[in-house]
Every structure is written in structure tokens, then in C-alpha cells.
There are 2 protein chains.
Amino acid sequence: MPDRNELRKAGLKVTLPRVKILEILDSSDNRHLSAEDIYRRLLEVGEDIGLATVYRVLNQFEAAGLVVKHDFEGDKSVFELDSGEHHDHMVDIDSGEVMEFFSEEMEQLQHDLCEQRGYELADHTMVLYVRKKKA
Amino acid sequence: MPDRNELRKAGLKVTLPRVKILEILDSSDNRHLSAEDIYRRLLEVGEDIGLATVYRVLNQFEAAGLVVKHDFEGDKSVFELDSGEHHDHMVDIDSGEVMEFFSEEMEQLQHDLCEQRGYELADHTMVLYVRKKKA
DNA sequence: ATGAATGCAAAAACTTTGCATGACG
DNA sequence: CGTCATGCAAAGTTTTTGCATTCAT
């Protein structure tokens with residue numbers, strides 16, 4: 001039961017809502033889910049967990065470093081399991097599909113741009129909004 | 001009266017709220033203001049303009065390309081006058097200061113990363129969260 | 001004059017919180 | 001058992017909308 005250990009390692013009590021939410025984040029095809037998405041899937045699976053709890057649990061997961069929270073749309077946040085490997089995102093503006101990518105060159109460049117100005121890079125967000133090229 | 005012409009060029013009727021909001025955006029030291037910020041400054045200057053109007057006007061300005069809307073914080077949006085020159089942002093996480101910068105190399109790299117994957121870059125958001133380097 | 005813009009208050013959308021109840025260790 | 005987590009409903013935030021009134025052209 002890997003999920004349970006993840007929770008214990010994070011110092012979180014192993015409760016049914018937390019386990020179920022972790023399962024959903026882990027098993028979903030779409031790696032990026034909103035609180036509402038998760039809530040709906042819980043209901044579908046017959047778990048009667050409140051939306052408020054979903055929010056609370058997700059926030060705890062974020063604080064514990066288990067998930068990362070993104071604001072791609074500005075209005076609604078989405079959460080993804082933290083794989084440990086940093087990456088950025090590309091969003092297909094037609095389909096809404098979210099893709100992940102990593103570019104060492106990009107990371108380096110961001111770092112350098114900050115250094116040049118006397119700052120150190122603490123964190124960054126980058127989303128490329130793209131469209132499939134016509135063949 | 002440059003403001004009035006900007007409005008006419010954008011196909012917007014020249015009304016007092018629109019002129020005043022444009023003035024505030026133009027004269028503020030802080031280039032990045034929230035709707036609430038603008039609303040507050042309007043009251044300070046004695047203009048009795050409703051918050052709903054501020055939102056409506058800002059949205060029209062965005063649609064007209066006069067301002068750009070950003071979601072640096074996820075909860076509250078900020079608006080800045082569109083200077084015409086694209087740039088990205090660096091936010092000092094200690095002071096909250098927002099700095100603008102532009103890197104041709106960065107733009108090129110973003111473009112290439114999309115092309116490599118068969119997409120064309122339509123738009124992007126990038127915010128570097130930084131901290132002043134200790135001397 | 002006439003269609004568009006504004007103000008106000010109400011609603012919407014998302015998220016957080018208070019409090020009584022129930023579950024984990 | 002004591003404490004922490006949950007559920008529900010209520011409240012909080014930010015932003016949008018309906019409608020009567022006012023304003024720009």
C-alpha cells in the first residue's frame with residue numbers, strides 16, 4: 001500500500017479521504033485535476049467525501065510536497081502529484097490538453113537572467129499556450 | 001488629451017470612468033494594479049465610480065488590447081497598460097516588487113521548444129520568483 | 001433621441017472556515 | 001481515550017450580471 005506510506009512519511013494521519021484522493025490523483029489519465037474534478041470522481045466511485053475536505057486535503061498535500069498546485073486558468077486551480085522531477089507545461093489552446101516538458105537550456109537561461117540582475121531564482125511558473133501546426 | 005484618442009481608436013465611447021481609469025493606469029508608479037487598487041484610487045481622487053464598472057472597463061480595455069491582465073498570485077488579477085513591447089516578469093518574493101524584462105534568447109527558445117513538438121507558440125506566461133542576492 | 005454605459009445590489013464561482021460529530025493511533 | 005479529521009452549512013473573495021437610470025454622440 002504505497003499510498004499509506006506516502007501519507008505517513010508526510011506526517012499525515014492515514015484517513016479514508018486522504019487515501020482515496022491520493023488514489024485518484026495517482027490513477028487518473030489526466031495528471032492535472034481540479035478540486036471539483038476530484039470531488040466528482042469520488043462521488044462516481046461511491047465515496048461520500050465533502051468538497052471542503054477535498055480542498056483541505058489538497059492543501060495539506062501541497063504543504064507536504066505531495067502535490068503541486070497550478071493556476072493555468074486563473075479562475076480554477078489544478079493539482080498534480082509531485083513526481084519530484086521539475087517540469088513546465090504547454091497547454092493546447094484548442095483541445096485544452098496539458099503537456100509537460102523539461103528543458104535544461106530553459107532552466108539555465110532563467111537562472112542566468114536572474115543572476116545578471118543580482119537576484120537568485122527561487123521559483124518560476126511558465127506556461128506555453130500552443131496550437132497544433134497545420135500539416 | 002492622448003487618453004481620449006486611445007479610447008476612440010479602440011472604438012470605445014469616451015466616458016468619464018474610462019478616461020479616469022486610463023489616467024490612473026498611466027500615472028501610477030506601480031504599473032501593475034488590481035481592480036480593487038484602481039477602485040480605491042478613484043475614490044481617493046473623489047471619483048464616484050463603482051467597482052463593477054472598473055471590472056467592466058478593464059475587461060473592455062483588455063479586449064481592445066489597451067491593457068494586459070496577469071494572474072501573478074492566482075487569487076487576484078492585476079492589469080497593466082500595454083506598452084506594445086512584449087515582456088515577462090520577475091517578482092521579488094520578499095518585497096513583492098514586480099520587474100519587467102525581455103530576453104530575445106528566451107523567446108526564441110520557447111518558440112523552438114514548441115516547434116520541436118509540432119506546435120506553434122500562440123502565447124505564454126512566465127514569472128520568475130526571485131530573491132535579492134546577499135552581497 | 002437612442003443606444004450604450006453606469007451604479008447598485010444581487011448572483012456566481014471558487015475556496016475557506018466554524019462547529020458538532022466521528023474516526024485514527 | 002484524546003486528538004485530529006470530516007461533513008455540513010455558512011461565510012469569504014473575487015468577478016460577473018440584471019436592471020433601471022444616466023450619459024455620449
Side-chain angles (χ1 to χ4, degrees), chain A residues 1 3-24 32-43 45-64 66-79, chain B residues 1 3-25 32-43 45-64 66-80:
Chain A
M1 236 120 266
D3 290 349
R4 289 177 161 72
N5 284 327
E6 297 232 58
L7 288 173
R8 274 193 271 270
K9 271 188 290 184
L12 293 171
K13 204 181 277 190
V14 177
T15 66
L16 191 143
R18 302 217 256 239
V19 172
K20 288 299 172 192
I21 290 172
L22 211 45
E23 277 179 19
I24 287 181
H32 305 84
L33 300 173
S34 69
E36 190 77 36
D37 289 337
I38 294 174
Y39 176 61
R40 224 174 311 103
R41 301 202 185 190
L42 285 169
L43 295 186
V45 183
E47 295 295 340
D48 211 339
I49 295 173
L51 180 56
T53 299
V54 175
Y55 275 106
R56 266 185 299 231
V57 168
L58 287 172
N59 285 337
Q60 294 159 347
F61 283 5
E62 191 195 12
L66 289 173
V67 306
V68 183
K69 179 179 180 178
H70 299 287
D71 298 284
F72 295 149
E73 327 220 331
D75 53 334
K76 197 179 290 188
S77 300
V78 297
F79 300 81
Chain B
M1 237 123 261
D3 290 350
R4 289 178 160 72
N5 284 326
E6 296 232 59
L7 289 173
R8 286 205 191 76
K9 273 188 288 183
L12 293 170
K13 203 180 278 190
V14 177
T15 65
L16 190 142
R18 304 219 254 239
V19 171
K20 288 299 171 192
I21 290 172
L22 211 43
E23 278 180 16
I24 286 182
L25 282 165
H32 305 83
L33 300 173
S34 70
E36 190 78 34
D37 289 337
I38 294 173
Y39 176 61
R40 222 173 315 102
R41 301 202 184 190
L42 285 169
L43 294 186
V45 183
E47 294 295 339
D48 211 339
I49 295 174
L51 181 55
T53 298
V54 175
Y55 274 105
R56 267 186 298 232
V57 168
L58 287 172
N59 286 336
Q60 295 159 347
F61 283 4
E62 190 195 11
L66 289 174
V67 307
V68 183
K69 180 179 179 180
H70 300 287
D71 299 283
F72 295 149
E73 326 221 332
D75 52 334
K76 198 179 290 188
S77 300
V78 297
F79 300 81
E80 76 172 306

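We name chains A, B, ... by the order of the sequence lines, and we start the count at 1 in each one. The figures here come from the full heavy-atom set of this structure, side chains too, leaving out hydrogens, waters and symmetry mates. Source: prediction; values computed, not measured.
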Undergrad: Which is more 5' along DNA chain D, the nucleotide nearest B:Thr15 or the one nearest B:Ala52? Just name the residue.
TA: B:Ala52
Undergrad: Residues two or more places apart in sequence or in another chain: which of them pass side-chain hydrogen bond (donor to acceptor under 3.5 Å, both in side chains) with B:Asp37?
TA: B:Ser34, B:Arg40
Undergrad: For the pair made of CG in B:Leu43 and C1' in C:dT6, what is the distance, rounded to whole Å?
TA: 15 Å
Undergrad: How close or far is atom C1' of C:dG25 from atom CG of A:Leu16, stated in whole angstroms?
TA: 16 Å
Undergrad: Which atoms form the tightest heavy-atom contact between A:Leu51 and A:Ala35, and what is the distance?
TA: CD1-O, 4.1 Å
Undergrad: Check the distance between C:dA4's P and B:Lys13's NZ and give it to me in whole angstrom.
TA: 7 Å
Undergrad: Return the minimal non-hydrogen interatomic distance between A:Leu66 and A:Leu12, and the atom names on each side.
TA: CD1-CD1, 4.5 Å
Undergrad: Tell me, which stems hold DNA chain C, with a stem being 3 or more Watson-Crick or G-U pairs in a row and both distances under 3.5 Å?
TA: C:1-14 with D:12-25, C:16-25 with D:1-10
Undergrad: Any ion pair linking A:Glu6 and A:Lys9 (charged N to carboxylate O, less than 4.0 Å)?
TA: no
Undergrad: Give me the atom names and distance for the closest heavy-atom approach of B:Val57 to B:Arg18.
TA: CG2-CG, 4.0 Å
Undergrad: Is any side-chain nitrogen or oxygen of B:Thr53 closer than 4.0 Å to OP1 or OP2 of C:dG7?
TA: yes
Undergrad: Between protein and nucleic acid, restricted to nucleotides 12-15 of chain D and to nitrogen or oxygen atoms under 3.5 Å apart, what atom pairs and distances do you find?
TA:
| residue | atom | partner | partner atom | Å |
| --- | --- | --- | --- | --- |
| D:dT14 | O3' | B:Asp75 | O | 3.3 |
| D:dT15 | OP1 | B:Ser77 | N | 3.0 |
| D:dT15 | OP1 | B:Ser77 | OG | 3.1 |
| D:dT15 | OP2 | B:Tyr55 | OH | 2.3 |
| D:dT15 | O5' | B:Tyr55 | OH | 3.3 |

Undergrad: Please identify which of these residues, A:Ile49, A:Leu33, A:Ile21, A:Val54, meets the side chain to side chain contact (heavy atoms under 4.5 Å, CB included) condition with A:Tyr39.
TA: A:Val54
Undergrad: Would you indicate whether the side-chain heavy atoms of B:Val78 and B:Glu73 approach each other to under 4.5 Å?
TA: no
Undergrad: CD of A:Gln60 versus C1' of D:dT6: gap in Å, rounded?
TA: 11 Å
Undergrad: For the side chain of A:Arg56, starting at C-beta, report the closest nucleotide among C:dT6, D:dC4, D:dC8.
TA: D:dC8
Undergrad: Do B:Leu58 and B:Lys69 have side chains that get closer than 4.5 Å, going by heavy atoms?
TA: no
Undergrad: Round to the nearest Å and state the distance from B:Arg18 atom CZ to D:dC23 atom P.
TA: 15 Å
Undergrad: Please determine whether any donor N or O and acceptor N or O are separated by less than 3.5 Å between the side chain of A:Arg4 and the base of C:dG25.
TA: no
Undergrad: B:Asp48 has an atom CG; how far is it from atom P of D:dT21, in whole Å?
TA: 18 Å
Undergrad: Within the modelled atom types, does a donor on one side and an acceptor on the other bring the side chain of A:Arg8 and the base of C:dG25 under 3.5 Å apart?
TA: no
Undergrad: For the residue pair A:Leu7 and A:Phe61, establish whether any side-chain heavy-atom pair is separated by less than 4.5 Å.
TA: yes
Undergrad: Taking CD from B:Glu47 and C1' from D:dC23, how many angstroms apart are they, rounded to a whole number?
TA: 15 Å
Undergrad: Between B:Ile49 (CD1) and D:dC23 (P), how many Å, whole number?
TA: 13 Å
